[in-house]
Amino acid sequence: MLNSQEYKTLVVVGSQWGDEGKGKITDYYAQDADLVVRFAGGDNAGHIIWNEGKKYKVTIVPSGILNPKVINIIGNGCVVNLTKLNSEMKILQDAGIDTKNLFISDRAHVIFKYNEEIDALQEEVRANRKIGTTKRGIGPTYADKASRCGLRLCDFQESNFKELLQEQVEYHNQLITTIYQGKAVDFATIYQEAINQYEAIKDRIIDCGEFLDHAIRAQKMVLFEGAQGVLLDLDHGTYPFVTSSNTTANNVSIGVGIHNKLINKVIGVAKAYDTRVGTGGMPTELLDETGNRLRERGHEYGSNTGRPRRLGWFDAVAMNYSIRTGGLDTLFITLLDVLDSEETIKICTGYNYQDKVINTILASNTEYEKCTPVYEELPGWKTDITKVTSWEELPVNAKNYINRISELCNVPIQGFSVGPDRKQTINLLDKFGG
Ligand code: GDP
Ligand code: IMO
Ligand code: MG
């Protein structure tokens, strides 16, 4: 039995509302990893990774895939659209990326066409309370999982799989046609598609927990990759404007099937400002020219849906909440270069709420939307930092900005990033635990 400090495990999660650059940071640390494992979410995630001038996009394939020696696993906590998975692998292969080291948990739930249909129909009936989901069927698939009528990859091996799927198509068609007045999905088409797509990946199916337990105890370097961000967590995010899974590192052991004591270190990826796609409270949102300018500088448009992302100043109250509920050990600051042009930069240090200043996210989103930010203002650095390769090379005002975030959030800074490419990534602390 090893002492926990001897396990080489690292978790990378988003610490805001998603799109913090987790894909890029996972790809960077994956250079030192033996395994990269996704533990939650589905193809609602969208990660852009640049390496050697080439752009790659992944949604369900783990972001370690660009590193040929790394074993990539989609854990049981994920929900998988098999058609999307196969097409994403094909695109990667066509771009010269080897996908032979990609595996999937036998316990992962499968997203079917009826789940996607219901996701879209539910959004329609939400009228003026729309969540703004990605319409990838994520919520309805996790709902099926909790209702125990979901189908997992291992179920495809059952002799009565066809009947099991038929039952589910009939049940979901009842919902689609009677509750939502939608158009029924066709069983024969869904069944054939499911079988075809399953055949293409069936040799990649493994018992993820067992595989990982051996790997971790053999001191392999294992990186667990989150999707979305702490503030979109089903329990701790700004409910109901959240995703349908637990996005924090606390869900790693459940989402991959290992003991939670095998997890060593958690890096929260944090943008140097805040963004959010979809509905829900965001006290620092900028609905002015500054917001528009930062959106253009940061190319802040959703990589899956193309929606403009909502822009705001860095919210240290929300970050403290993420650190507390998400168990973040260090922060990795991304997109720092997007602030290069700013004369002054604001950080939110408290919320005005009912004639007081508060320092947490409220449970009720309705109340949270009443919070307005208390800011402190720091001078910008007005310098192009995209070629910076070390802490020492950063302009003093950029160092001060990062140090102030660290101080306000009482957390060490793991590193920072000054552009989208793998090379524009600067690590400052130990990487994996141990
Ligand atoms: P993820 O979902 O957390 O992986 O993030 P996304 O890929 O959805 O969004 C992050 C975007 O920022 C991507 O387009 C990245 O290429 C880009 N990006 C990541 N780090 C940096 C950085 O340090 N500077 C700039 N300018 N862009 C970055
Ligand atoms: P990555 O991994 C940003 C948001 C959606 C919506 C809410 C629920 O790229 O950071 P869902 O389709 O999950 O039911 O949508 O969550 N959302 C994301 N926002 N980045 C993501 O993933 C997201 N995944 C879901 O916009 O508000
Ligand atoms: Mg994204």
Side-chain angles (χ1 to χ4, degrees), residues 12-28 38 40-51 54-60 62-63 78-79 81 111 115-116 118-120 122-123 126 130-143 225-234 237-245 247 268-280 282 294 296-310 332-340 384-386 388 415-426:
V12 173
V13 287
S15 61
Q16 294 154 322
W17 282 286
D19 302 326
E20 300 90 347
K22 298 173 292 295
K24 175 191 152 141
I25 301 305
T26 299
D27 168 71
Y28 173 78
R38 258 283 292 271
D43 60 313
N44 49 348
H47 312 305
I48 304 289
I49 308 172
W50 285 87
N51 185 22
K54 278 206 208 151
K55 180 180 175 181
Y56 303 90
K57 181 183 163 191
V58 289
T59 66
I60 186 61
S63 303
C78 297
V79 288
N81 180 322
I111 302 173
N115 298 123
E116 291 176 279
I118 290 176
D119 195 359
Q122 285 179 333
E123 275 289 85
R126 280 184 195 118
K130 288 191 198 311
I131 294 170
T133 76
T134 57
K135 300 194 180 151
R136 300 294 196 270
I138 306 301
T141 307
Y142 278 115
E225 178 189 10
Q228 290 81 51
V230 174
L231 303 175
L232 290 173
D233 182 90
L234 180 59
T238 47
Y239 190 91
F241 304 105
V242 293
T243 191
S244 294
S245 63
T247 56
V269 184
K271 264 183 191 167
Y273 46 95
D274 275 35
T275 62
R276 174 162 204 171
V277 212
T279 323
M282 184 185 185
L294 294 176
E296 295 314 311
R297 280 189 59 83
H299 307 291
E300 294 290 2
Y301 293 86
S303 64
N304 271 342
T305 57
R307 290 179 288 179
R309 294 175 182 151
R310 299 160 63 194
F332 199 108
I333 309 289
T334 54
L335 293 110
L336 191 62
D337 54 297
V338 175
L339 300 178
D340 279 359
D384 178 353
I385 59 167
T386 54
V388 162
F416 62 96
S417 145
V418 294
D421 201 83
R422 195 193 267 178
K423 285 199 210 83
Q424 294 168 297
T425 320
I426 295 100

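One-based numbering, in listed order, for ligands and for the atoms of each. Nothing fancy with the numbering, it's 1 onward along the sequence.
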Checking the side chain of [X] only, and the main-chain atoms of [Y] only, is there a donor and an acceptor separated by less than 3.5 Å?
X    : Y    : answer
R276 : R310 : no
D233 : T247 : yes
E123 : G132 : yes
Q228 : S244 : no
E296 : L294 : no
K271 : G21  : no
E116 : K135 : no
Q424 : T386 : yes
D340 : I385 : yes

Please indicate whether any nitrogen or oxygen in [X] is less than 3.5 Å from any nitrogen or oxygen in ligand 1.
X    : value
G46  : yes
G419 : yes
I48  : yes
S417 : yes
E20  : yes

As an exercise, identify every atom of ligand 2 less than 4.0 angstrom from a heavy atom of [X].
X    : answer
A45  : 1 (P), 2 (O), 9 (O), 22 (O)
V277 : 3 (C), 19 (N), 26 (O), 27 (O)
K22  : 1 (P), 2 (O), 10 (O)
A227 : 2 (O)

Using distance alone, decide if ligand 2 has a nitrogen or oxygen within less than 3.5 Å of any nitrogen or oxygen in [X].
X    : value
E20  : no
R136 : no
K135 : no
T279 : no
G278 : no
T133 : no
G18  : no
D119 : no

Minimum-distance protein heavy atom relative to [atom]:
atom                    : value
atom 8 (C) of ligand 2  : V242 O, 3.3 Å
atom 27 (N) of ligand 1 : L335 CD2, 3.4 Å
atom 26 (O) of ligand 2 : R307 NH2, 3.0 Å
atom 6 (C) of ligand 2  : G132 O, 3.1 Å
atom 18 (C) of ligand 2 : L232 CD1, 3.7 Å
atom 10 (C) of ligand 1 : D19 O, 3.7 Å
atom 1 (P) of ligand 1  : H47 ND1, 3.3 Å
atom 13 (O) of ligand 2 : T243 OG1, 2.6 Å
atom 12 (O) of ligand 2 : T134 OG1, 2.5 Å
atom 19 (C) of ligand 1 : K24 CD, 3.8 Å
atom 26 (N) of ligand 1 : D337 OD2, 2.8 Å
atom 3 (C) of ligand 2  : D19 OD2, 3.2 Å
atom 2 (O) of ligand 2  : Q228 N, 2.9 Å

Q.
Please determine whether the number of non-hydrogen atoms from other residues, nucleotides or ligands lying under 6.0 Å from atom NZ of K130 exceeds 12.
A.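 Enclosed: over 12 neighbouring heavy atoms sit under 6.0 Å from NZ of K130.
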
Q: Report, as yes or no, whether the 6.0 Å neighbourhood of atom OH on Y301 holds more than 12 heavy atoms from other residues, nucleotides or ligands.
A: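 Correct, the count exceeds 12.
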
**Q.** Check against side chain to side chain contact (heavy atoms under 4.5 Å, CB included), D43 and I111
**A.** CA-CA 10 Å; D43 60 313; I111 302 173; 3.8 Å; yes

Q) For ligand 1, is any non-hydrogen atom under 4.0 Å from R309's backbone (N, CA, C, O), its side chain (CB onward), both, or neither? A)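 The part of R309 near ligand 1 is the side chain, not the backbone.
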
Q. Under 4.0 Å from ligand 1, counting heavy atoms only, is it the side chain of V269, its backbone, both or neither?
A.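 It is neither part, as no heavy atom is under 4.0 Å.
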
Q) What part of R276, side chain, backbone, both or neither, has a heavy atom within less than 4.0 angstrom of ligand 2? A)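 No part of R276 is near ligand 2 at this cut-off.
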
Q: Check each heavy atom of W17 against ligand 2 and say whether those closer than 4.0 Å belong to the side chain, the backbone, both or neither.
A: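 Near ligand 2, W17 shows its backbone, while the atoms from C-beta on stay back.
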
Q. Do any heavy atoms of G46 fall under 4.0 Å from ligand 2?
A.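 Checking ligand 2 against G46, which is what was asked, there is a heavy-atom contact under 4.0 Å.
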
Q | Nearest non-hydrogen partners of I131 and F241, listed with the distance | A |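 Taking I131 first and F241 second, the nearest heavy atoms are CA-CD2, 3.9 Å.
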
Q | Closest heavy-atom pair and its distance - I60, R38 | A |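 Between these two residues, the closest heavy atoms are CA-NH1, 4.0 Å.
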
Q | Residue-ligand contact H299/ligand 1, heavy atom below 4.0 Å | A |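 Heavy atoms of H299 never come under 4.0 Å of ligand 1.
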
Side chains of [X] and [Y]: does their closest heavy-atom pair fall under 4.5 Å?
X    : Y    : result
E225 : V12  : no
L234 : Y142 : no
K57  : N304 : yes

Q: Quick one: pull up CD1 in I333 and CD1 in I426 and give me the separation to the nearest 0.5 Å.
A: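 So the CD1 of I333 and the CD1 of I426 are separated by 12.5 Å.
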
Can you confirm whether the side chains of [X] and [Y] place a donor and an acceptor under 3.5 Å from each other?
X    : Y    : value
D119 : T133 : yes
K24  : S417 : yes
T305 : R307 : yes
K22  : S63  : no

(Q) How wide is the angle at the Mg ion (ligand 3) spanned by G46 O and D19 OD1, rounded to 10 degrees? (A)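 It comes to 160°.
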
**Q.** Atoms in ligand 1 with a heavy atom of K22 nearer than 4.0 Å
**A.**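 Under 4.0 Å from K22, ligand 1 has these atoms: 1 (P), 2 (O), 3 (O), 4 (O).
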
**Q.** Proximal ligand 1 atoms for W50, defined as those under 4.0 Å from one of its heavy atoms
**A.**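 Those of ligand 1 that fall under 4.0 Å from W50 are 16 (O).
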
